[in-house]
Amino acid sequence: MTDTVHETIHDTETIENTANSKENDSNDSTGIDGIGRLVDGETYRHGNPFALWRWMRENAPVARHRPGVFPAFWSLTRYDEVKQVLRDAGTFSSSSGILLRPLAHGEDPGSNRTLALSDAPRHQALRGAVAGWFAPRNLRRLSDFLDSAAYSAVRSAVEAGRIDFVGDVAAKLPVEVVCSFLGIPDEDRPSIVEWSTEAFCAGTAEERSIAHLQILDYFADLVERRRAAPGEDLVSVLATLTYEGEPLPLDEVVLNCDNLLVGGTENVRLAMSGGMLALLERPDQLVLLRADFDKVVNTAIDEILRWTSSATHIMRRATRDVELGGQRIRRGELVVCWLTSANRDAAHLTDPDVFDIRRSPNRHLALGAGPHYCVGTQLARLEIRAVLREFLAQVGDITLDGEPEYLDSIVVNGLRSLPLRLTPAGRTAPGPGTGVGARAVGAPV
């Protein structure tokens, strides 16, 4: 595999690890001196970024960060400016990278090479090649597969009794689905599932990086095989795709396969996990979802997506001078859209800090906006629905079995682990669990 691919795989881990070094010495959680805490991973693992974001929305919605570990950039925390940037791909480019990257590591090696890190017309060509696979008519064919995979994942969890919901349930279905889209042979899928679980859920950065490298090496081999004998799958589509009359280089195909795997698994895993915790912490919402699932599930899924906002930030680069929120952004400057903050903006949402599964309308930005709006949106919704339906059908009492652990990441927002104790539907719960209140939430009698 090329050095470019190997370098790219370390980006997210490097960003997370580097972010744990303080950008400034302030211990203030709010105020202009505290905004550097937005790029400190500990803010997300142990702190309360929502208080800081609230202060910024009200006092410094477009705020400039001085260069340090990361380059200078503008922080956008209000809904209006974030949406403006995401929708205007001509003024705000994705091709030089979409995540904050330490200055010491230079330009993102994936720049202008993947679906997420490209502008028109390259972005249109790549998106056009894969979008049909996520169209409603194609997803309808997946209905039985989704139901069966969700049933199996939840059944295994119920039989185990004590689980980590993140790794044992939320991580499983998305990987199975993406494997089917990518045409991963049945005999290889256990390895992909194992590596993916390690890549996203392992306890150390080294373990996660090693697992991710195994995935990339696997894709490099699979792409070569698909070029020799194409099949009816997304890897074959990318392996045989031409752009401006030339086939995509091997490393670009591998990076795009990895892009689809990560995009199709990580965000859904984080949304499912964060949504489950939100429901457990609000028993009235869980009872409502159980009592009238088909009526409220669609609004519940949107509220889960808004509440979790698993992509913490998205970055763009200005292609011309432009004004945002009263500030002059110069051509070439970076702007960082804090999606989680935008989705708590009281100017666009009533009681944004309340988790309400009946919320409507709910025009959140969790899946982006504009040309880069998540291509797998409908699939993500179907996956969350399938897991929620099976979980509520098969599980009676759900008890927190320890402290949930959050990621120390400025890239993705959510849980590393969510220990639960489960009782099958129709049975009495065992003794109390430990941790956060040891709350048990049962099905209505």
Side-chain angles (χ1 to χ4, degrees), residues 114-116 123-154 169-186 189 192-193 196 226 230-239 241 256-273 275 289 293-306 308 310-311 357 360 362-393:
T114 68
L115 179 60
H123 175 258
Q124 293 169 323
L126 290 170
R127 189 179 179 97
V130 304
W133 287 77
F134 300 95
R137 65 181 180 278
N138 195 42
L139 295 181
R140 282 193 288 270
R141 302 171 189 166
L142 279 178
S143 178
D144 290 344
F145 174 79
L146 282 173
D147 290 344
S148 175
Y151 174 86
S152 297
V154 174
V169 178
K172 285 190 174 181
L173 178 62
V175 174
E176 289 285 349
V177 172
V178 172
C179 279
S180 71
F181 272 61
L182 295 174
I184 307 295
D186 289 344
R189 292 187 185 186
I192 294 293
V193 171
S196 297
R226 289 293 184 266
E232 295 184 0
D233 54 73
L234 272 176
V235 173
S236 296
V237 169
L238 291 169
L241 181 66
N256 276 287
C257 289
D258 183 65
N259 220 206
L260 290 169
L261 177 67
V262 172
T265 56
E266 189 165 34
N267 290 334
V268 176
R269 168 179 58 84
L270 292 168
M272 283 186 191
S273 303
L289 186 60
F293 184 87
D294 289 332
K295 184 176 180 179
V296 301
V297 66
N298 289 332
T299 54
I301 290 170
D302 265 316
E303 183 68 344
I304 287 170
L305 291 169
R306 180 192 76 88
T308 57
S310 55
I357 65 171
S360 182
N362 194 347
R363 299 183 181 93
H364 60 79
L365 300 172
L367 299 172
H372 283 272
Y373 184 68
C374 177
V375 71
T377 293
Q378 293 307 315
L379 177 59
R381 293 178 189 277
L382 290 174
E383 290 175 308
I384 295 171
R385 174 195 285 264
V387 168
L388 286 175
R389 182 187 295 277
E390 284 301 327
F391 211 77
L392 297 182

>> Between L388 and F293, is the side chain to side chain contact (heavy atoms under 4.5 Å, CB included) condition met? List the steps.
In response: CA-CA 9 Å; L388 286 175; F293 184 87; 3.9 Å; yes

>> Could you measure the distance from the OG1 atom of T265 to the NZ atom of K172? Nearest 0.5 Å is fine.
In response: 15.0 Å

> So do the side chains of R127 and V375 get within less than 4.5 Å of each other, counting heavy atoms only?
Replying inline: yes

>> Rounded at 0.5 Å granularity, tell me how far CZ in F145 sits from CG in L139.
In response: 12.5 Å

>> Would you compute the distance between atom CD1 of I384 and atom CZ of R269 and round it to the nearest 0.5 angstrom?
In response: 12.5 Å

> R389 pairs by side-chain contact (heavy atoms from CB on, under 4.5 Å) with which of L289, D294, D147?
Replying inline: D294

> Hey, what do you get for CG (N267) to CG (L367), rounding to the nearest 0.5 Å?
Replying inline: 7.5 Å

> What's the shortest heavy-atom distance between P174 and G264, and which atoms?
Replying inline: CB-O, 3.6 Å

> Does I184 offer a backbone N or O that forms a donor-acceptor pair with the side chain of D233 under 3.5 Å?
Replying inline: no

>> I'd like to know if the side chain of S236 and the backbone of E232 have a donor-acceptor N/O pair within less than 3.5 Å.
In response: no

>> Could you check whether any side-chain heavy atom of L270 comes within less than 4.5 Å of a side-chain heavy atom of T308, counting everything from C-beta outward?
In response: no

>> Working note: R137 + R140, criterion side chain to side chain contact (heavy atoms under 4.5 Å, CB included); need CA distance, chi angles, decisive distance, verdict.
In response: CA-CA 5 Å; R137 65 181 180 278; R140 282 193 288 270; 3.5 Å; yes

>> Can you tell me how far apart CG (L173) and OG (S148) are? Round to the nearest 0.5 Å.
In response: 10.0 Å

>> Testing the basics here: between N259 and A116, what is the closest heavy-atom pair and its distance to 0.1 Å?
In response: OD1-N, 3.4 Å

> With no hydrogens and no angle check, do the side chains of N298 and R381 hold a donor and an acceptor under 3.5 Å apart?
Replying inline: no

>> According to side chain to side chain donor-acceptor pair (under 3.5 Å), who are the partners of D144, at least two apart in sequence or on a separate chain?
In response: none

> Between G275 and I304, which heavy-atom pair has the shortest distance, and what is it?
Replying inline: CA-CG2, 3.8 Å

> Side chains of L182 and I192: closer than 4.5 Å at any heavy-atom pair?
Replying inline: no

>> Applying ring pair (Phe, Tyr, Trp, His ring centres under 6.0 Å), can you list everything that pairs with Y151, at least two apart in sequence or on another chain?
In response: none

> Within a radius of less than 6.0 Å around CZ of R189, do more than 12 heavy atoms belonging to other residues, nucleotides or ligands occur?
Replying inline: yes

>> Could you work out, with ring pair (Phe, Tyr, Trp, His ring centres under 6.0 Å) as the rule, every residue matching H364, not counting sequence neighbours?
In response: none

> So, do V177 and L146 sit near enough that their side-chain heavy atoms are less than 4.5 Å apart?
Replying inline: yes

>> I'd like to know whether V387 forms a side chain to side chain contact (heavy atoms under 4.5 Å, CB included) with V169, so could you lay out the CA-CA distance, the side-chain angles of the two residues, the decisive distance to 0.1 Å, and finally the verdict.
In response: CA-CA 8 Å; V387 168; V169 178; 3.9 Å; yes

>> For H372 and H123, take the angle between the two ring planes, folded into 0 to 90°, and tell me which bin it lands in: parallel under 30, tilted 30 to 60, perpendicular over 60.
In response: tilted

> Does any N or O in the side chain of T114 come within less than 3.5 Å of the main-chain N or O of N256, such that one atom is a donor and the other an acceptor?
Replying inline: no

> How far apart are the closest heavy atoms of V237 and A129, and which atoms are they?
Replying inline: CG1-O, 3.5 Å

>> Measuring from atom CG of D302 to atom CD1 of I357, what distance do you get when rounded to the nearest 0.5 angstrom?
In response: 12.0 Å

>> Please identify which of these residues, L142, L261, V235, V130, meets the side-chain contact (heavy atoms from CB on, under 4.5 Å) condition with F181.
In response: L142

